[in-house]
Amino acid sequence: MMMIGALSLRISSMPLTYINHQLPPLTTTNSISTVRLHLVEDVDYYQNKANKFWNKFYQSHQNKFFKDRHYLDKDWGDYFCSDDCSPDGKKVLEVGCGAGNTIFPLLAANPELYIHACDFSPQAISLVKSRVDFTEDRLNAFVCNVAEDDLSEKIGLSSVDVVTMIFTLSAVSPKKMAFILQNVKKVIKPNGYVLVRDYAIDDYAQVELQCRDRMISEDYYVRGDGTTSFFFSEDFMSTLFLEAGFNTVDINTYCKKIENHRQKVTMDRRWIRAIFNNHDPMPVSEARL
């Protein structure tokens, strides 16, 4: 597995504060002692059991927890449009597709788009395929643990124009992130783009998890349901992608105050939005001398 190298492992994990700004339960009465036991005994426990915990999450919430992400086409619409290099439509890979809240809005807004969508939860892929707007003509949904499996066995090498990773990297151990990006590197085209939205350090959810003593390691936390979250700084994320061979096109931290009137609390939410370009140097044999 590729290691992050010079990148210092500052693990900044937010409880996957899903895009509808809901916070999943941070603790459960009967799980706290078990959580603390595993925090002490094995920092890799939750990554190794991630498939189990996320399957339980989707079995419980089905496709009703997250809202469809219609803002993606507004923010990044130009990246999904056909161009001279892809006149018949772009091919997109959604890594960590969940129940499909990213892919179906993109398909609706871009009639020529074709999407590969993967998740390591079989239950999530079943939910995608159960949607009435699912069609194999435009969507290839499959189970794949990108932190362990070889993506190129599912998708052709250098065949994807755009990769989307929406609250995906934060859901895995920082030890696995470099491997995931190398996996993506295999299937993305030269000069292709990776679009990322994920949790930033000092987000409300991170503060709550810290107060509840849920830290696995620095900035890496576990929620009450066993799923985990990492919180990113711009420097950490930029360095992570740079060492995997991607250039930073744009990166910024988005901050917003969210009022929860029912709970009478104001939440300072923080996300990182970033665009990376696949820097694929020309082979020496093809370089102009």
Side-chain angles (χ1 to χ4, degrees), residues 10-28 31-32 35 53-54 57-58 60-77 94-106 108-109 124 127 164-172 174 195-216 218-238 250-275:
R10 173 172 175 77
I11 306 176
S12 187
S13 158
M14 319 189 65
L16 232 86
T17 335
Y18 306 101
I19 195 55
N20 61 352
H21 311 306
Q22 282 182 269
L23 282 174
L26 297 181
T27 60
T28 56
S31 67
I32 295 177
V35 167
F53 292 130
W54 280 106
F57 174 88
Y58 285 111
S60 174
H61 297 285
Q62 297 292 301
N63 60 358
K64 297 178 175 61
F65 194 92
F66 303 104
K67 292 181 179 178
D68 281 353
R69 294 159 179 156
H70 296 283
Y71 60 83
L72 294 179
D73 194 68
K74 178 181 177 180
D75 290 350
W76 294 323
E94 164 75 349
V95 178
C97 65
N101 302 95
T102 294
I103 54 182
F104 288 105
L106 287 178
L127 290 172
T164 55
M165 305 180 76
I166 312 301
F167 300 100
T168 297
L169 283 175
S170 59
V172 302
L195 310 179
V196 179
R197 184 176 175 119
D198 223 318
Y199 301 112
I201 56 174
D202 298 328
D203 176 79
Y204 173 84
Q206 183 184 18
V207 174
E208 284 291 297
L209 287 170
Q210 183 68 38
C211 291
R212 296 173 188 236
D213 195 24
R214 307 307 298 273
M215 187 170 69
I216 299 174
E218 187 179 2
D219 295 328
Y220 185 43
Y221 300 83
V222 61
R223 296 189 292 274
D225 61 3
T227 59
T228 59
S229 275
F230 181 90
F231 297 79
F232 291 91
S233 68
E234 292 181 18
D235 286 344
F236 182 96
M237 183 173 285
S238 295
D250 183 53
I251 188 167
N252 61 78
T253 301
Y254 176 70
C255 307
K256 186 176 183 179
K257 287 187 180 294
I258 305 294
E259 298 284 344
N260 188 321
H261 298 290
R262 185 174 63 180
Q263 297 182 11
K264 297 180 180 180
V265 63
T266 299
M267 299 178 288
D268 291 317
R269 307 316 313 274
R270 296 171 63 88
W271 302 279
I272 285 182
R273 296 185 294 193
I275 302 168

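Residues Val265 and Tyr204 form a side-chain contact, since some pair of their non-hydrogen atoms from C-beta on lies under 4.5 Å apart. Residues Thr164 and Leu72 are not in side-chain contact: their nearest non-hydrogen atoms beyond the backbone lie 4.5 Å or more apart. For the pair Trp271/Arg269, a side-chain contact is recorded, criterion being any heavy-atom separation below 4.5 Å from C-beta on.
Atoms CD1 and CD1, from Ile251 and Ile272 in turn, are 5.0 Å apart once rounded to the nearest 0.5 Å. The distance from atom CE of Met267 to atom CD of Glu208, rounded to the nearest 0.5 Å, is 9.5 Å. The OG atom of Ser170 sits 12.0 Å away from the CZ atom of Arg197 when rounded to the nearest 0.5 Å. Atoms OG1 and CG, from Thr102 and Asp73 in turn, are 12.0 Å apart once rounded to the nearest 0.5 Å.
Minimum interatomic distance between Val196 and Trp76 (heavy atoms only, all atoms of both residues): O-CH2, 3.4 Å. In terms of heavy atoms, Leu195 sits closest to Ile166 at O-CD1, 4.2 Å. Between Ala200 and Gln206 the shortest heavy-atom distance is O-OE1, 4.4 Å. Nearest approach of Glu94 to Met165, heavy atoms of both residues: OE1-N, 4.3 Å. Pairing each heavy atom of Pro105 with each of Gly100, the nearest pair is CD-O, 4.0 Å. Residues Val95 and Thr168 come closest through the heavy atom pair O-OG1, 2.7 Å.
Under the side-chain contact (heavy atoms from CB on, under 4.5 Å) criterion, Asp268 pairs with Lys257, not counting sequence neighbours.
Checked by atom type, the side-chain pair Tyr221/Thr228 shows no donor-acceptor distance below 3.5 Å.
In this structure, Arg273 is positioned above the aromatic face of Tyr254, its NZ or CZ under 6.0 Å from the six-membered ring centre and within 45° of the axis.
In this structure a side-chain-to-backbone donor-acceptor pair under 3.5 Å is present from Asp198 to Leu169.
The six-membered or imidazole ring of Phe232 lies away from that of Tyr199, with a centre-to-centre distance of 6.0 Å or more.
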